[in-house]
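We're numbering straight along the sequence, starting at 1. What you see is a predicted model, and the numbers here were worked out from it, not measured in a lab.
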Amino acid sequence: MLTFEQKQAIIDSFPELTKKEISLKRVNYHFMDSLYEKTIVVEKLHPNGNGFVFVGDLLRYEEEANKGLVNIRDYDEQQLREIIEDAIQYLSEEAEEQEPIEEVWQNREGAQLMLAFEQRSWNVYHGENLEEAFGTHDAAKEYLLEEGFRKKK
């Protein structure tokens, strides 16, 4: 496993990323040229070596990703470089045009939420207000089910 300092050195070698310190000695790395609202590529890199890379809905990381994030704690140098390159490329490419996807979800009390696929994100709306955003449909679906919502037929 790479140390915190080794991971930072590798990540710092990407000139397109900007380091921002956050709480508890953790750091985020932003890709300011992202075509999307999402700019954080490396999230919550911690001195214990734990951290996450945003991969959205890239199929290559489908089994590892949780809400579009992959834990890089046990990644070696080559794996870390590859996933960061993939994340930067993902945030640099225009999403393919596709028909909008919208689903209505309802709980037992009758409250409704809208799940919509927009610009590579699965967004949960309460009325016009964005409640949550997810990198994959499965992550959004899991969230809605945990909150007691079911897809309306």
Side-chain angles (χ1 to χ4, degrees), residues 4 7-8 11 14 16-75 79-153:
F4 175 68
K7 286 180 181 166
Q8 277 192 303
I11 299 165
F14 289 87
E16 55 269 73
L17 298 181
T18 303
K19 179 179 175 180
K20 293 192 179 184
E21 293 183 13
I22 58 174
S23 62
L24 305 172
K25 299 182 182 177
R26 297 174 301 171
V27 292
N28 286 344
Y29 286 85
H30 293 256
F31 176 54
M32 302 312 285
D33 292 332
S34 173
L35 297 178
Y36 306 94
E37 288 185 37
K38 179 72 172 175
T39 64
I40 299 175
V41 171
V42 180
E43 188 170 315
K44 299 176 185 159
L45 183 63
H46 191 277
N48 70 8
N50 204 26
F52 302 90
V53 172
F54 177 74
V55 294
D57 60 357
L58 285 174
L59 294 177
R60 178 176 177 183
Y61 301 100
E62 185 175 39
E63 291 187 21
E64 290 179 83
N66 182 7
K67 297 183 182 180
L69 296 168
V70 172
N71 190 310
I72 57 168
R73 180 180 186 91
D74 298 323
Y75 270 42
Q79 291 171 312
L80 183 57
R81 287 189 184 282
E82 286 177 8
I83 195 169
I84 291 171
E85 288 169 0
D86 290 344
I88 291 170
Q89 182 176 352
Y90 179 80
L91 293 172
S92 299
E93 294 178 345
E94 290 283 345
E96 293 180 21
E97 286 293 320
Q98 73 177 69
E99 291 295 314
I101 299 171
E102 293 183 348
E103 301 173 356
V104 177
W105 290 68
Q106 184 171 322
N107 67 10
R108 289 186 178 162
E109 291 78 35
Q112 291 188 351
L113 297 176
M114 173 70 69
L115 176 61
F117 184 71
E118 305 166 319
Q119 294 185 342
R120 292 188 169 171
S121 290
W122 288 92
N123 299 321
V124 177
Y125 291 94
H126 180 257
E128 293 185 16
N129 297 322
L130 177 65
E131 293 292 319
E132 293 283 341
F134 300 91
T136 65
H137 183 264
D138 286 342
K141 182 178 167 183
E142 181 179 327
Y143 167 79
L144 288 164
L145 291 171
E146 286 175 3
E147 294 297 318
F149 285 83
R150 301 289 178 256
K151 188 174 175 182
K152 198 171 175 186
K153 298 191 189 236

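- Here CG of Asn48 is found 4.5 Å from CZ of Arg73. Values are rounded to the nearest 0.5 Å.
- Across all non-hydrogen atoms, the minimal contact from Trp105 to Lys141 is CH2-CG, 3.7 Å.
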Between Glu118 and Tyr125, is a side-chain hydrogen bond (donor to acceptor under 3.5 Å, both in side chains) present by the stated rule, with each step listed?
CA-CA 12 Å; Glu118 305 166 319; Tyr125 291 94; 2.6 Å; yes
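- With no hydrogens or angles considered, a side-chain donor-acceptor pair links Glu93 and Gln89 at under 3.5 Å.
- Note: Leu113 CG to Lys151 NZ = 14.5 Å, rounded to the nearest 0.5 Å.
- Considering every non-hydrogen atom in both Glu102 and Ala116, the closest pair reads CG-CB, 4.0 Å.
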Leu17 and Ile88: CA distance, side-chain angles, deciding distance, side-chain contact (heavy atoms from CB on, under 4.5 Å) verdict:
CA-CA 9 Å; Leu17 298 181; Ile88 291 170; 4.0 Å; yes
What verdict does the side-chain contact (heavy atoms from CB on, under 4.5 Å) test give for Arg150 and Leu145, after you've listed the backbone C-alpha separation in whole Å, the side-chain angles of each residue and the deciding distance to 0.1 Å?
CA-CA 6 Å; Arg150 301 289 178 256; Leu145 291 171; 3.1 Å; yes
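- Note that NZ of Lys152 is 4.0 Å distant from CD of Gln112, once rounded to the nearest 0.5 Å.
- A 4.5 Å side-chain heavy-atom check between Ile101 and Trp122 finds at least one atom pair inside the cut-off.
- Between the Lys7 side chain and the Gly49 main chain, a donor and an acceptor come within less than 3.5 Å of each other.
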Test side-chain contact (heavy atoms from CB on, under 4.5 Å) on Lys19 and Gln8; report intermediate values, then the result.
CA-CA 9 Å; Lys19 179 179 175 180; Gln8 277 192 303; 3.0 Å; yes
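- The shortest distance between side-chain heavy atoms of Val55 and Tyr90 does not fall below 4.5 Å.
- To the nearest 0.5 Å, atoms NZ (Lys44) and CG (Asn28) are separated by 8.0 Å.
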Are Glu103 and His137 close enough, and set up right, to give a side-chain hydrogen bond (donor to acceptor under 3.5 Å, both in side chains), and what steps lead you there?
CA-CA 11 Å; Glu103 301 173 356; His137 183 264; 3.1 Å; yes
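- Across every non-hydrogen atom of Leu115 and Val124, the tightest pair is CD1-CG2, 3.9 Å.
- In this structure a side-chain-to-backbone donor-acceptor pair under 3.5 Å is missing from Asn66 to Leu69.
- Closest non-hydrogen pair, Phe149 versus Ala111, comes out as CE2-O, 3.3 Å.
- Considering CD of Glu64 and CD1 of Ile72, their distance stands at 11.0 Å, rounded to 0.5 Å.
- Between atom CD of residue Gln106 and atom CG of residue Leu144 there is a gap of 12.5 Å, rounded to the nearest 0.5 Å.
- Remark: Arg60 engages Glu82 in a salt bridge, criterion side-chain N to carboxylate O under 4.0 Å.
- A pairwise comparison of heavy atoms in Tyr75 and Leu80 identifies CD2-N, 3.7 Å as the closest pair.
- Using a 4.5 Å heavy-atom cutoff, the side chains of Tyr143 and Glu132 are in contact.
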Step-by-step salt bridge (charged side-chain N to carboxylate O under 4.0 Å, His left out) determination, Glu43 to Lys38:
CA-CA 11 Å; Glu43 188 170 315; Lys38 179 72 172 175; 3.3 Å; yes
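- Of all heavy-atom pairs spanning Phe14 and Glu85, the tightest one is CE2-CG, 3.7 Å.
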The test is side-chain contact (heavy atoms from CB on, under 4.5 Å); show your working for Leu35 and Leu91 and say whether it passes.
CA-CA 6 Å; Leu35 297 178; Leu91 293 172; over 6 Å; no
